[in-house]
Each structure stands twice: as structure tokens, then as C-alpha cells.
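A short worksheet on the structure shown next.
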Amino acid sequence: MDKLVISGPTRLKGEVTISGAKNAAVAILPATLLIEGVCRIENLPNISDVKMYCKILETLGAKITWLSEHEIEIDSSNISCTQASIDLTSKFRASYYLLGSLLGRCGQAEVGLPGGCNLGARPIDQHIKAFEALGAKVEVAQGKITAKVKRLIGTSIYMDIVSVGATINAILAAVLADGTTTIDNAAKEPHIVDVANFLNTMGADIRGAGTDVIKINGVKKLHGNTSYSVVPDQIEAGTFMLAAVASKGDITIKNCIPEHLDCITAKIVEIGGTVEDYGDSIRVYMNKRPTKATVKTLPYPGYPTDLQPQMGVVLSMANGTSMIHESIWESRFQYTAELNKMGAKITAQGKSAVFEGVSELTGAPIYATDLRAGAALIIAGIVAHGDTQLYNIDHIDRGYENIEEKFRKLGANIQRVVE
Ligand code: UD1
């Protein structure tokens, strides 16, 4: 089992380049199944979730050629199978996008009930509601979901809750349906816009992505023969922004879209940091102890749940007592027990946590409890006095490319140890 050994404290300084977005990549990859032809995807992050998705697509009949570390060509001309490996698909959450894309392409799909980070109950009722509204019959039994339809027919879908996954799955299923589909109360995250842009580049007719009403005019075929570059990762950029603040450092974050980061920038400025916008890069610096704050996670453009643990590290060392309300995932405070081992004073109960700011953290053996918690605990190790051993880092490798290398270039003393 690999671990990260981090010696701190370090003030992070320098430049970091952001990779393609994990959450967009794991939706664009299954979306390629809708294309009867070849397409090229650039700026793919080199992370284990992407490699796992490529493996699954190959088992379904897609031909994948790696052109470079971040670029692939996918030929989905011959999709021979609609039953995805239960073993592989039940390992991660985004495998449920195979339902929308296989249903759209072949009229049937079988996928293992999705796994992924343990963030509390992760229902899929809105996905099922969307497929059924389009005419599919959906069954959940024996650890898998099966969906079948003769012909998908465009319709109106009202999402009872703002869900990124269900919005993307409804788009995937509707792209090749007969007629027009309208999704009301759709999620607006940047990766939803990116999936829609990808599909439109391949010949789809999706309008309104990024607003809460998305309209999809069904088309007969997606043509492929085009390349598409994945959007920069909002969450990776936000992670380095908060690392700059926590470490009282100065980081220039290149290859990002500052507009996607507005909600994080606003909070950083509120707690005393400075953010400078240079169009396709930003500089974040901090030279004092952050002030206390109240943060509530919300769907985009609100403060993202995926940057809640990283903000938790910052607030654990703020001047005064802060509050975080987690409105998306009920079990997203597991990392606070690890931070408390490092001297933080956090009381988490249900969907809220109180952070009594301490002046410093100290190194300790700690465990990454999920992907974003893992990234937050790396930041904690970098700012803490002494040595930290961070275990369970396979969670982090799922979604961050070369994370220890990127932090090392910013001055962190961080090593991966293979045990
Ligand atoms: C969510 C986050 C996304 C983040 C990801 C991993 C939001 C809106 N979404 O996306 O930013 O990257 O977690 O942390 O912030 N829900 C239902 N029924 C469903 C689907 C979802 O009740 O069928 C609920 C969930 O329990 C959750 C909320 O809706 O409370 C948002 O879920 P959803 O956006 O679908 O989750 P992800 O797509 O995983």
C-alpha cells in the first residue's frame, strides 16, 4: 500500500498547471459510445478513473488508441456488448453514465450499482425517473441496474433535486431520442457545459447547458471525426487556491477558467487572501492568518462540495470559530477526525461542523477517507509542523494527476513511499 510522507510546514510558492477535469472526462468517455465513428479527446487527466473507464469501454467493443499521455482516439463504430462488467462498474460512481449512453446508442444497458467515494447515501432515483420519462423500463436487482427501450421518445423531465449525474445521464439518453427533451431544474456545473459542448461538436443539438433549463433536439446520428479538448479542472484549481491560502503562500495557477472559480475566490477574499485574475491563470496569495467564516456547500455556482474539506483545513487554522454546512453529502466530514489527530478542534455533527481555529497543526499518521478529503489532508500535512504519513492514497490517485509532483514543484517536502 502506497503512502505519502510529508514534512512541514512549507509556504507554497511558484506555478502549477491544471489538468483536464476529472468530472468532465468521466462523462465524456461514456458519451463517445453515442458516436458511430472515431473521435479524439485531448487534455484528458492522467488519473486512475480515466484508465478504468477506458478499460470498461474496451470491454464493450470500443477501440482505444493512446496518442500521448493526455490524448486518445476512440473508435465506437462497433459496440458489441451492452452489459458492462459488474466488477469494474461497481467500483466507481461515474460508471452510471454508461446507462444513458448505452440506452441512447443500443436501447439497452446493464451496469453494476455505482460505487465511488463513501459520502453517505447516494440515490439514483432522478436518473431512473429521467430514463423512464424517455420511455425506458428500468430495473434494479442483484447489484445491477438494467434499462431497456424500443425507441427513446423526447419528453419533459423535471428534476426534483439539482443533480449533476442525473442531468448528464438525461442528456446522454436524449441526444439520439425521437423529438425534443426538456430538462427543468438541471444542474449547471462547468462539466455539464463541457459534456454538452463535446456532444454538440460531434453533431448533437443541445441548448441551454449551464442554465437550469436544457433543451435537447434529438438527432439521427453523431458523426465523430472531430477532436475535443476537456475543460480545465475547476476542483483541482480550487484545491491549489486553498493550498496557497492554508500555507500562507503565493501560487500562480495556470490553465484554469477564473469564472469557474468565482465562488472560491469570493470566500478566499472574505477570509483575507488575494486573488488576481490573468484571464487563463490566477495568482492566489495570503500573508496572514485567515479570518473565521461560514461556508455552505451548494450546487454551482454556489460553493462546491468537492472543495469543502480543503476549506475545512483552512478554517481549522483561522482566527476565530467557523462553521461549514454541507448540503450535498451527509458523510463528508469524516476527514475532520483525521484533522483532529493533527491538533485541529473540529466538532462535526450531521451536515454541520464547527471549526474552533487553532494557531498550528502538527504532523500525524492519518488516512484519506475519500478523494477530496485526501487532497485536503495533503494540504494539512504541508502546513503542519513535523512529519505526516498519509495512507489510503489510492482515493487521491482516482482524481488528481501527479499530485505529489505538483506540490513538490511548489516547494512541498512530499514523497510517495511504496510499501
Ligand atoms: C455531486 C456534486 C458534484 C460533485 C460530486 C462528488 C452537486 C450538485 N453535485 O455530484 O459537484 O463533484 O457530487 O462529490 O454539488 N440525489 C438524489 N437523487 C438522485 C441523484 C442525486 O437525491 O437521483 C441527491 C444526492 O443525494 C445529493 C444531491 O442530489 O444530495 C446531488 O447529487 P448529484 O449532483 O447527483 O451527485 P453527483 O453527480 O455525484
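Just so you know, ligand 1 is whichever comes first in the structure, and atom 1 is the first atom listed for that ligand. Note that the coordinates shown come from a computational prediction; the quantities given were computed from them, not determined experimentally.
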Next item on the list: Please determine, by modelled atom types, if Thr369 and Gln334 share a side-chain donor-acceptor pair under 3.5 angstrom.
Entry: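 Note: Thr369 and Gln334 side chains miss the donor-acceptor criterion.
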
Margin query: Nearest 0.5 Å, please: how far is CD1 in Ile257 from CD1 in Ile282?
Written below: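 Output value for this atom pair is 11.5 Å.
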
Checklist line | Separation between OG1 of Thr305 and CD of Gln308, rounded to the nearest 0.5 Å | finding: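 The OG1 atom of Thr305 sits 6.0 Å away from the CD atom of Gln308.
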
Next item on the list: Please say whether Gln126 places an N or O atom under 3.5 Å from an N or O atom belonging to ligand 1.
Entry: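 Such a contact does occur with ligand 1.
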
Is ligand 1 under 4.0 Å from a heavy atom in the side chain of [X], in the backbone, in both, or in neither?
X      : answer
Tyr303 : neither
Arg332 : side chain
Trp329 : side chain
Glu189 : side chain
Val162 : backbone

Check: Among Thr252, Asp250, Asp277, which one satisfies side-chain hydrogen bond (donor to acceptor under 3.5 Å, both in side chains) with Arg283?
Finding: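 Looking at Thr252, Asp250, Asp277, the match for Arg283 under the side-chain hydrogen bond (donor to acceptor under 3.5 Å, both in side chains) is Asp250.
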
Next item on the list: Nearest heavy atom to atom 17 (C) of ligand 1 wins, so pick from Ser327, Ala187, Pro123.
Entry: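 Checking each option, the heavy atom nearest atom 17 (C) of ligand 1 is found in Pro123.
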
Notebook entry, point to check: Between Ile328, Thr297, Val164, Asp306, which one has a non-hydrogen atom sitting closest to atom 10 (O) of ligand 1?
Noted result: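 The nearest heavy atom belongs to Val164.
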
Item checked: Ion pair Arg408/Glu405, N-O distance below 4.0 Å ->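 Looking at Arg408 and Glu405, the cut-off is met.
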
Next item on the list: Please identify which atoms of ligand 1 are closer than 4.0 Å to at least one heavy atom of Gly165.
Entry: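 Atoms satisfying the 4.0 Å criterion: 35 (O), 38 (O).
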
